[in-house]
Each structure stands twice: as C-alpha cells, then as structure tokens.
Amino acid sequence: MPIRLVIPNETAPGERRIALAPAVAKKLGDRGVQIAMQHGAALSSYFNDEDFTGVEIVADTATLYKDADLIFKVQPPTREELEQMKTGATIVSFMAAHKNAEMMQQMCEKKITSLAMELVPRITRAQSMDALSSQASIAGYMGVLMGAQLASVFFPMLTTAAGTIRPARIVIIGVGVAGLQAIATAKRLGAIVEAYDVRSATREQVESLGGKFIDTGVSAEGKGGYARELTDEEKQQQQDVLASHIAMADVVISTAAIPGRASPKIITEEMVKAMKPGAVIVDLASEGGGNCVLTKPGETIEYDHRVTIHGPLNVASELPIHASEMYAKNLFNLVSPFISEEGELALDISDEVIAGCLLTHDGAIVHAQYKNTNESGAE
Ligand code: NAD
C-alpha cells in the first residue's frame, strides 16, 4: 500500500519554512506517495494550498496525523504533535537531539522511527541530502546582506562626482559552508574580504573565492573535517592576530561553530572596543551563544554608541522560499531511494546515511551519540 506522507504547519515562533515545496510534492506524487498537508501550512513560505497539485489539504492536525505513515517537518516535533502521531510512524526533521531528551523518550514510547536532518553524515554521497549545508549557505548569504544593511559605509568601491569611495573591509570568521557563501556574497558586493578558520585546508578555498586568508599560525583540524576546540595558548595566539584585522573591519561576519558545543568565543570586548566607529558584527553563531562575548542572541545592540552587534537566530527562515525548496529537496533525496514502485517506504537502516541519522527506532534511542541520554537530558 502506498504510504501517506503528511506535512503540518510549523508552529515554532518565527519559523517561516515548510518541509515541502510544490516541485517536490509532484516528484513524490509521481512515485505513488499519498500526500496531505495542513491548510495554509506553506503560506509563510509564500506558497498557496493550490500550488501543491495532487496534495490533499487537511484542516486540523488531529486528522492530519491520525493515519500518517511518514511526517516531514522543519522544527523538532512538540509533545502535542507526537501525542497525535500514530504508533510506529516515521518522522524526518531537524531534531536538535542534544536539547530534546524528553522528545526522544516520547518517540521511543510510541515506537516512532525518527531521522534527524542535522545528523546526516557529511559524506560525498549524502551532499544532496545535507540540510545543514543548504541552510548554512542561506545563512552566509543573508548574513552579508544584514551586514550591508547595518553598515554605515558602501561595500563596493565607487567613483562618483562627490569623490572616490573606498570599498568596505569585511572579515569573515569561520570558513565552513556559511563562511564560504559569505565570502562569495561579500565579493559580489565589491568588498575587500579577509577570512579566517582554524582548519588550514580553508586557505585555498578562501583564495579561490578571491578572499585573503588571515594566517594566525593556529591550525586545529578535528575529526570529520570539523574543527576541534582550541587550547588556551592557541586561543591567545588566534586573538592577537585577529584583533588587528578586526580593528580595520567595517563588517565582521562570524560563523565559527563546533558541532554539539557552544560557539567558541573568539571576539573579545577588547577587540570590539578597538573597532572603528560605525562598524558592525553579524554573529551568525548566535544559535550556539555567539562568537562575540557581547552578542545577545536574537537581539541587535549598539556597543558604546560605536559598534552594532547583530545576533540573528534562524537566519535561513528569512529566505523562506528558497530555504523551503532546498530543505524539501534534501528530504526527498534522503527518503526517495527507499520508496518502492508501489509507493511504499522501506527504510534500510543498515544504509550508511540512514544509519548515520537514525535517532530512534523500534522503541529505543539508536544513535551512538544519544544512546545513553536519559529523560533529564544528561548523558
Ligand atoms: P560548522 O558550522 O561546524 O563550523 C563553521 C566553521 O567554523 C568551520 O569551518 C570550523 O572549522 C570553523 N571554526 C570552528 N572553531 C573555530 C575557531 N575557534 N576559529 C575559527 N574558525 C573556527 O562547519 P560546517 O559549515 O558545517 O562545515 C564543517 C566541515 O564539513 C567543513 O570541512 C566542510 O567543508 C565539511 N562539509 C562536507 C560536506 C560533504 O563532503 N558532504 C558537506 C558540508 C560540509
């Protein structure tokens, strides 16, 4: 029997993305999947119910979830949503498992199979399923636009009748997916771009985008292409070199993160004090507390009437059409290899990608990172 896939309205405050886009709904429909979506669920992404050809529109979540075999979501399911789901259903979503022990417990009780999008392995085969990357590239792009809007100077060099305008100097800290997109975007706007990362492999990437790599002499490659935490000595060395570059910057975009940890504190109060009047910090690491010690996540503050520090949250949601389209494609690419010709879902939990992001299955937490998580969230 074909499976019934449902897509509810996202209820988290400020969430404008939706886990389905019209083109993906069509592809799934062609594969024989029955799809139902909550009425108006995609309006915050500027899609109308009528844009989803072949999708049943359902008024309330109780009806939606009652017969759902598969659920696509953006934000982790709430207690109420899980209560409405049927036993043994499968859900694919961002799960933020590190802070949702109770949710995992509830999913075990209902024997829900859950795939966490943030745990999809960063391997070549899974690139088209990598929602961390698709959403981070949006954050990098938006971060630069936010910086440009808050800045008190032009980004490009201009030759005008009123004189020549020098291009803005942008410093990008953290050259992962968001940082790379930020470099490319700032270059397109005509700025002078310098960038820094603790992973030395990023030097070539920065230079290939036309940026200048800031060499602090600190290299901290960790496992799986991620960075490791720095020692106190390395932190000091990093700060000494970075301080002089940050002092010259018109805009700093920081994106540095260590998976599962609070964002590393890289920009000190001293560094902010030394910045130019009118300078801006866009702290894209705000979700994890921020890379600047002064960042207030979710707020924009002006430090000492001189420096604006912007701490945006859920940045990808600010570009909801493309964020939803990209995210929905990631979901499709993850699940579609396991949909049979009859539209049935048969997940192969021994598949490397599925095994890597399988969080709960058959009444147990199965992901190695969270296996020992108890209800209080302690591991
Ligand atoms: P992330 O969001 O975890 O971190 C952003 C950047 O911050 C990283 O480049 C990291 O090195 C850097 N960083 C951490 N601590 C720092 C510090 N103290 N100072 C300066 N920089 C610091 O990273 P991400 O965007 O998720 O990417 C992580 C890695 O995964 C990268 O190597 C990326 O190329 C790789 N990746 C691989 C694939 C794939 O092959 N499928 C897909 C996406 C990303």
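Atoms within each ligand, like the ligands themselves, are counted from 1 in listed order.
- Look at Glu229 and Lys235 and you find no salt bridge, because none of the NZ, NE, NH1 or NH2 atoms lies under 4.0 Å from a carboxylate O.
- Contacts between Lys235 and ligand 1, counted as non-hydrogen atom pairs separated by less than 4.0 Å, are absent for every part of the residue.
- For atom 41 (N) of ligand 1, the closest heavy atom belonging to the protein is Gln127 CG, 3.1 Å.
- Classification of Arg31 and Glu342 as a salt-bridged pair fails, no side-chain N sitting under 4.0 Å from a carboxylate O.
- In this structure, atom 2 (O) of ligand 1 has protein heavy atoms in its sub-4.0 angstrom surroundings.
- Nearest to atom 32 (O) of ligand 1 by heavy-atom distance, out of Arg122, Arg199, Glu221, Glu287, is Arg199.
- Alongside Val177, the hydrophobic cluster contains no other residue (criterion: ILVMFWY side chains under 4.5 Å).
- The option with the heavy atom closest to atom 5 (C) of ligand 1, from among Asp197, Val218, Thr255, is Thr255.
- Those atoms of ligand 1 that come under 4.0 Å of a heavy atom in Gln238, given as number and element, are 17 (C), 18 (N), 19 (N), 20 (C).
- For atom 22 (C) of ligand 1, the protein comes within 4.0 Å by at least one heavy atom.
- Contacts between Val175 and ligand 1, counted as non-hydrogen atom pairs separated by less than 4.0 Å, involve the backbone only.
- Nearest non-hydrogen protein atom to atom 25 (O) of ligand 1 is Val177 N, 2.7 Å.
- Residue contacts with ligand 1: Ser133 is included, with a non-hydrogen atom under 4.0 Å away.
- Donor-acceptor pairing under 3.5 Å is recorded for the side chains of Glu15 and Gln75.
- Of the protein's non-hydrogen atoms, Gly225 O, 3.4 Å is the one closest to atom 29 (C) of ligand 1.
- Between the side chains of Gln84 and Thr61, at least one donor N or O lies within less than 3.5 Å of an accepting N or O.
- The distance from ligand 1 to the heavy atoms of Ile266 drops below 4.0 Å at these ligand atoms: 17 (C), 18 (N), 19 (N).
- Within the 4.5 Å cutoff, the side chain of Pro320 has no heavy atoms near those of the Ser44 side chain.
- Within the set Ala256, Pro121, Ala178, the minimum heavy-atom distance to atom 13 (N) of ligand 1 is found for Ala256.
- Tyr303 belongs to a hydrophobic cluster whose other members, connected by ILVMFWY side-chain contacts under 4.5 Å either directly or through intermediates, are Val171, Ile173, Tyr196, Val198, Ile214, Val218, Leu230, Val241, Leu242, Ile246, Val252, Ile266, Ile267, Met271, Val272, Met275, Ile281, Val293, Leu294, Ile301, Val307, Ile309.
- The side chain of Pro264, and not its backbone, has at least one atom closer than 4.0 Å to an atom of ligand 1 (non-hydrogen atoms only; side chain from C-beta on).
- Taking a cutoff of 4.0 Å between a charged side-chain nitrogen and a carboxylate oxygen, Arg203 and Asp215 qualify as a salt bridge.
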Between Ile349 and His361, does a side-chain contact (heavy atoms from CB on, under 4.5 Å) hold up when you go through it step by step? CA-CA 9 Å; Ile349 61 167; His361 181 60; 3.8 Å; yes

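- Atoms of ligand 1 lying under 4.0 Å from any heavy atom of Ile123, numbered from 1 in the order shown and given with element: 41 (N).
- Near Asp130, the atoms of ligand 1 lying under 4.0 angstrom from a non-hydrogen atom of the residue are 42 (C), 43 (C).
- Both the backbone and the side chain of Ala257 come within contact range of ligand 1, each with a heavy atom under 4.0 Å.
- A salt bridge between Lys110 and Glu83 is absent, with no side-chain N of the basic residue lying under 4.0 Å from a carboxylate O of the acidic one.
- Salt bridge absent: Lys296 and Asp283 never bring a charged side-chain N and a carboxylate O closer than 4.0 Å.
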